[in-house]
Amino acid sequence: MKVSSDLLEKWLKAWSLSRNLSLPVQYKSGFKVKVGDEKQKERYIFSEPNKDFFQLSHTIDEPWIYLKVCSGPDLFINNIPEKWQLQPQGYMMNCSHPMNIQQLNLPEGYIVEYSNEDYMFIVKIITPKGEQAAIGRVIFVDDIAVYDRIVTEENHRRKGLASFIIKELEKNAVSKNIFKNFLVATEEGKLLYEALGWKVYSLYTSVVIPAFKT
């Protein structure tokens, strides 16, 4: 499905709020976000690989500036300079019905913590030793809920912690009468979300110029 500019802007705003970054700004037919990381200085995002996307791919020479587009790589990869390196495939996913998650209980000893801000709800699971086992966020922008940065530490996986967090995030979204849920998943995450009832809305593809070789 084609991603509208309106939806893309809302998702990017949520992504930026989740990371305490400056909000996205319009760049021609796409958007620009200043990230400021050593290996991700900026990102330019387009809803489709159009003229603006292709022109920008020929203009940028600096490493660690990402181009991202809501399409598969086959629609553009042969028409951008070879300096760009394709990144692992991402998937924009959505779910507009109750997720396929039964009521879950945390494993014995784990504790759940909640924190609520005007635009974001965070669920964190803590181990009996006080360490973080898993965390997830949902960010609200107008009529959509964006699920983001859902992470389970490696030695606490396969215990249902991620599903527990997602269910708690969903409950909070429903309490605000928001039923349009979106996220961008990795290949591994896609399998989990599909099992929970999410569907792929669009492919989400990234390219970057890696560091100069010396």
Side-chain angles (χ1 to χ4, degrees), residues 1-3 7-19 21 24 27 30-50 52-54 56-58 60-95 134-139 146-158 161-163 165-166 169 181-213:
M1 189 177 297
K2 182 178 178 179
V3 177
L7 173 58
L8 184 58
E9 184 175 17
K10 289 177 181 178
W11 178 79
L12 283 171
K13 183 177 181 182
W15 187 92
S16 300
L17 289 169
S18 177
R19 291 159 177 78
L21 299 175
Y27 175 84
F31 300 94
K32 174 183 177 180
V33 177
K34 289 187 177 180
V35 181
D37 288 346
E38 181 182 354
K39 292 192 175 182
Q40 186 173 177
K41 299 172 185 176
E42 299 172 344
R43 52 169 53 191
Y44 291 85
I45 310 94
F46 295 85
S47 60
E48 59 183 348
N50 56 19
D52 296 333
F53 173 86
F54 288 116
L56 190 57
S57 74
H58 286 84
I60 295 173
D61 292 311
E62 188 178 350
W64 305 123
I65 295 177
Y66 280 73
L67 289 183
K68 294 174 174 279
V69 62
C70 298
S71 81
D74 55 306
L75 296 183
F76 67 85
I77 198 65
N78 292 326
N79 296 306
I80 62 174
E82 291 184 0
K83 61 189 175 184
W84 292 98
Q85 187 175 95
L86 189 64
Q87 301 300 290
Q89 186 64 60
Y91 302 87
M92 181 175 282
M93 306 185 72
N94 80 308
C95 183
I135 190 170
R137 300 161 175 79
V138 61
I139 305 93
V146 175
Y147 294 64
D148 191 41
R149 300 173 71 189
I150 298 170
V151 178
T152 302
E153 300 301 327
E154 190 169 356
N155 55 336
H156 297 281
R157 293 176 183 172
R158 303 189 185 281
L161 301 187
S163 295
I165 285 176
I166 294 166
L169 297 177
N181 303 306
F182 286 88
L183 58 81
V184 168
T186 61
E187 191 78 47
E188 182 182 9
K190 171 176 171 284
L191 298 176
L192 167 65
Y193 294 113
E194 285 179 332
L196 301 182
W198 291 68
K199 295 186 180 299
V200 174
Y201 192 87
S202 168
L203 295 180
Y204 185 72
T205 308
S206 304
V207 294
V208 67
I209 302 171
F212 298 124
K213 295 181 179 179

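Quick note: numbers below take in every heavy atom, side chains included, and nothing from hydrogens, waters or symmetry partners.
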Is there a side-chain contact between Tyr91 and Glu194 (heavy atoms, below 4.5 Å)? no
Main-chain N/O of Ala14 paired with Ser18 side-chain donor or acceptor, under 3.5 Å: no
Closest non-hydrogen atom pair, Phe31 against Pro24: CB-CB, 4.4 Å
Between atom CD1 of Ile80 and atom CD1 of Ile60, what is the distance when rounded to the nearest 0.5 Å? 10.5 Å
Gln89 versus Pro73: any side-chain heavy-atom pair under 4.5 Å? yes
Are any non-hydrogen side-chain atoms of Leu8 and Phe46 less than 4.5 angstrom apart? no
Contact between Tyr193 and Ile150 at the side-chain level, heavy atoms closer than 4.5 Å - yes or no? yes
Between Leu192 and Ser163, is any pair of side-chain heavy atoms under 4.5 Å apart? yes
Evaluate Cys95 against Leu196 for side-chain contact (heavy atoms from CB on, under 4.5 Å), listing each step before the verdict. CA-CA 9 Å; Cys95 183; Leu196 301 182; over 6 Å; no
If only atom types and distance count, is the side chain of Thr205 paired as donor or acceptor with the main-chain N or O of Ser71 below 3.5 Å? yes
Drop me the distance from Leu75's CG to Phe53's CZ, to the nearest 0.5 angstrom. 10.0 Å
Euclidean distance, Glu153 CD relative to Leu161 CG, rounded to 0.5 Å: 10.5 Å
For the atom pair CZ (Arg19) and CD1 (Ile139), what is the distance rounded to the nearest 0.5 Å? 7.5 Å
With ring centroids as reference points, do Trp11 and Tyr204 lie under 6.0 angstrom apart? yes
Drop me the distance from Trp64's CH2 to Gln40's CD, to the nearest 0.5 angstrom. 10.0 Å
Kindly compute the distance separating CE (Met1) from SG (Cys70), expressed to the nearest 0.5 Å. 12.5 Å
Does Val3 form a side-chain contact (heavy atoms from CB on, under 4.5 Å) with Tyr201? I'd like the steps, not just the answer. CA-CA 8 Å; Val3 177; Tyr201 192 87; 3.9 Å; yes
Could you check whether any side-chain N or O of Arg157 sits under 3.5 Å from a backbone N or O of Thr152, counting only pairs where one atom can act as donor and the other as acceptor? yes
Look only at the side chain of Asp148 and the backbone of Arg137, and say whether a donor-acceptor pair between them is shorter than 3.5 Å. no
Please determine whether the number of non-hydrogen atoms from other residues, nucleotides or ligands lying under 6.0 Å from atom NZ of Lys10 exceeds 12. yes
For a quick test of reading the model, state the closest non-hydrogen atom pair linking Ala211 to Pro63 and the distance between them. CA-CB, 3.9 Å
Pairwise side-chain contact, Val207 with Ile77, heavy-atom cut-off 4.5 Å (strictly under): yes
Listed by chain and number, what are the side chain to side chain contact (heavy atoms under 4.5 Å, CB included) partners of Glu42, not counting sequence neighbours? Lys32, Lys34, Tyr44, Ile65
How about NZ on Lys83, more than 12 heavy atoms from neighbouring residues, nucleotides or ligands closer than 6.0 Å, or not? yes
Give a yes or no answer on whether the side chain of Gln87 reaches the backbone of Gln85 with a donor-acceptor pair at less than 3.5 Å. yes
With ring centroids as reference points, do Tyr147 and Trp198 lie under 6.0 angstrom apart? yes
What I'd like to find out is whether the side chain of Val35 reaches to under 4.5 Å of the side chain of Tyr66, using heavy atoms alone. no
